[in-house]
Amino acid sequence: MKFYNLLIDWYLSNQRDLPWRKTKQPYHIWLSEIMLQQTRVAQGLPYYLRFVEEFPSVFDLAEASEEKVLKLWQGLGYYSRARNLHFTAKYVANELNGKFPHTYKELKKLKGVGDYTASAIASICFNEPVAVVDGNVYRVLSRVFGVDTPINSTEGIKEFKNLAEEKLDKENASVYNQAIMEFGALHCKPKNPYCITCPFQAECVAFQQGKIEELPIKLKKTKVKTKHFNYLVVVSEGKTVIQQRRGNGIWKNLYQFPLIETEKEVSKTQFLKEENFLQLLSVPAEKVNLFNKKPIKHVLSHRKLMVKFWVMDLPEISSAFKTKEFEVIQQENIRLYPVPVLIEKFIEQFYFNK
DNA sequence: AAAGCGGGGGG
DNA sequence: CCCCCAGCTTT
């Protein structure tokens, strides 16, 4: 029996019941695929349901504000996905009359759609014979066929794409692609895969050679840089101050409290002497209270943030915050703005008590 | 070719 | 607690 027949057989009796598997509409498949990039199904599923509910069609998504899209995306991470999603929705709605392209080549031109996602949409929706290569596919192919080329090297990417195309069931690309990814996610798992009941046990090179734990091979990860964030939580007459993150760093276009970054962790005395703080405003020491004695550690894939929240109870909002860099808002309205999980967690603990 | 970009779950 | 996961864009 061929590799793809075994795989499809396994899929037909083991696949999960997922909402995006009940449709072939490109809008829904595109939405689910963008959401599931670097994201587990369990984490992305509630977001998918909320998006479909809120934006039943690509036109609804296109008409929404970016802020609303980001708010709905809040907590899912990699926010460029949400910004690109919104950009592409507007493009498809306004330039393509709401119709997504039908081919891999055209799909790949959409912002936020790379090789994997273009292959996924083209095959799942239109059965185009193009092979998907995601993390699951790397794992399955490297183990079954014993390929030890690093999956994140230039040669590895090419080699695995070629292998994936060679093994593809070209008549049934839609089912096959979903089958190999589902098999990787549920059966050929990263840790403790179910080799004992695996349909490929006899031919799996990794299993036969005892290399299951080693494959797939990945090159070293990026180093994590530590940064020290100090947030100014202004409390005054039921109002507070926020700012939108600009530029190209983390959390672009999300909101936060006014931020003072320091070289290292600072005490209250040190903080009040910080150049960047003094430049912004001067506040009597007794009006400033540190919310968290120990810095909150917030770890991202490439950053370690050490964060302190400085609560400032002021009789009135300083004029320093009345520039276009900041927004003075009613405290309870902060829930309307898209914020990083770090800020959301703080808000949950801090009830802006007067 | 390498770096930047989030957050959650598992051992 | 540390370690793992991993697609697209930008540099």
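Chain naming here is simple, since letters A, B, ... match the order of the sequence lines and numbering starts at 1 in each. For clarity, every value in this text was computed on a predicted model and none was experimentally measured.
- Here the two rings, on A:Phe200 and A:Phe207, have centers that are 6.0 Å apart or farther.
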Requested in this report: Check the pair A:Glu54 / A:Lys68 against salt bridge (Lys or Arg N to Asp or Glu O under 4.0 Å), numbers first and verdict last.
Outcome: CA-CA 10 Å; A:Glu54 195 70 30; A:Lys68 184 174 180 185; 2.7 Å; yes

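- Nucleotides B:dG8 and C:dT9 have their C1' atoms positioned 23 Å apart, rounded to a whole Å.
- Here C:dC4 presents its C1' atom at 7 Å from NZ of A:Lys218, a figure rounded to the nearest Å.
- Note on A:Thr117: a side-chain N or O is less than 4.0 Å away from OP1 or OP2 of C:dC8.
- As judged by a 4.0 angstrom heavy-atom cut-off over every strand, A:Thr154 is placed among residues touching the sugar-phosphate backbone only.
- Side-chain nitrogen and oxygen atoms of A:Tyr138 include none within less than 4.0 Å of the OP1 or OP2 phosphate oxygen of C:dG7.
- In this structure, A:Arg83 reaches neither bases nor backbone, as no heavy-atom distance under 4.0 Å exists between it and the strands shown.
- Between A:Phe183 and A:His187, the ring-plane angle classifies as parallel under the 30° and 60° cut-offs.
- Position along DNA chain C of the nearest nucleotide to A:Pro216 versus A:Ala118 favours A:Pro216 as the more 5'-ward residue.
- Residue-level contact check: A:Asp134 touches the backbone only, with heavy atoms under 4.0 Å from sugar-phosphate atoms and none from bases.
- Note: NZ (A:Lys109) to P (C:dT9) measures 14 Å, nearest angstrom.
- The nearest whole Å value for the distance from the CZ atom in A:Arg81 to the P atom in C:dT10 is 16 Å.
- Distance, A:Arg40 CZ to B:dG8 P: 11 Å, rounded to whole Å.
- Between the side chains of A:Thr262 and A:Asn230, a donor-acceptor pair is found at a separation under 3.5 Å.
- Distances were taken from every side-chain heavy atom of A:His298 (C-beta onward) to each of C:dT11, B:dG7, B:dC5; the shortest belongs to B:dG7.
- Looking at heavy-atom distances under 4.0 Å, A:Thr39 makes contact with a base.
- A:Lys252 has its NZ atom 11 Å from the P atom of B:dC5, to the nearest Å.
- Look at CD1 on A:Ile151: it is 13 Å from P on C:dC4, rounded to the nearest Å.
- Closest contact between the side chain of A:Val341 and the listed nucleotides C:dT11, C:dA6, B:dG7 involves B:dG7.
- Counted by atom type alone, A:Gln15 and A:Tyr11 present one or more donor-acceptor pairs between their side chains at under 3.5 Å.
- Side chain of A:Lys191, nearest nucleotide from C:dT11, C:dC4, C:dG7: C:dC4.
- If A:His302 and A:Leu219 are placed on DNA chain B by their nearest nucleotide, the residue sitting closer to the 5' end is A:Leu219.
- In this structure, A:Lys297 reaches the sugar-phosphate backbone alone: every heavy-atom distance under 4.0 Å involves primed, P, OP1 or OP2 atoms, never a base.
- Between C:dC1, C:dG7, C:dC5, one nucleotide has an atom nearer to the side chain of A:Gln37 than all others, and that is C:dG7.
- C:dC3 and B:dG9 make up a base pair, with Watson-Crick or G-U wobble contacts both under 3.5 Å.
- Of the listed nucleotides (B:dG4, C:dC1, B:dG6), B:dG4 has the atom at the smallest distance from the side chain of A:Lys225.
- A:Glu274 contributes atom CD, which lies 12.0 Å from atom OG1 of A:Thr269 (distance to the nearest 0.5 angstrom).
- Atom-to-atom, CG of A:Asn192 to P of B:dG11 comes out at 6 Å; the value is rounded to the nearest Å.
- Taking atom C1' on both B:dG9 and C:dC8, the two are 23 Å apart, rounded to the nearest angstrom.
- In summary, the side chains of A:Gln243 and A:Gln256 do present a donor paired with an acceptor at a separation below 3.5 Å, with no hydrogens or angles considered.
- Side-chain proximity of A:Trp251 to the nucleotides B:dG6, C:dC5, C:dG7 is greatest for B:dG6.
- If you check every strand for non-hydrogen atoms under 4.0 Å, A:Arg303 touches sugar and phosphate atoms only.
- Closest to the side chain of A:Gln43, out of C:dC5, B:dG8, C:dC2, is B:dG8.
- Using a 4.0 Å heavy-atom distance criterion, A:Tyr116 is classed as a sugar-phosphate-only contact.
- Between the CZ atom of A:Phe160 and the C1' atom of C:dG7 there is a distance of 16 Å, rounded to whole Å.
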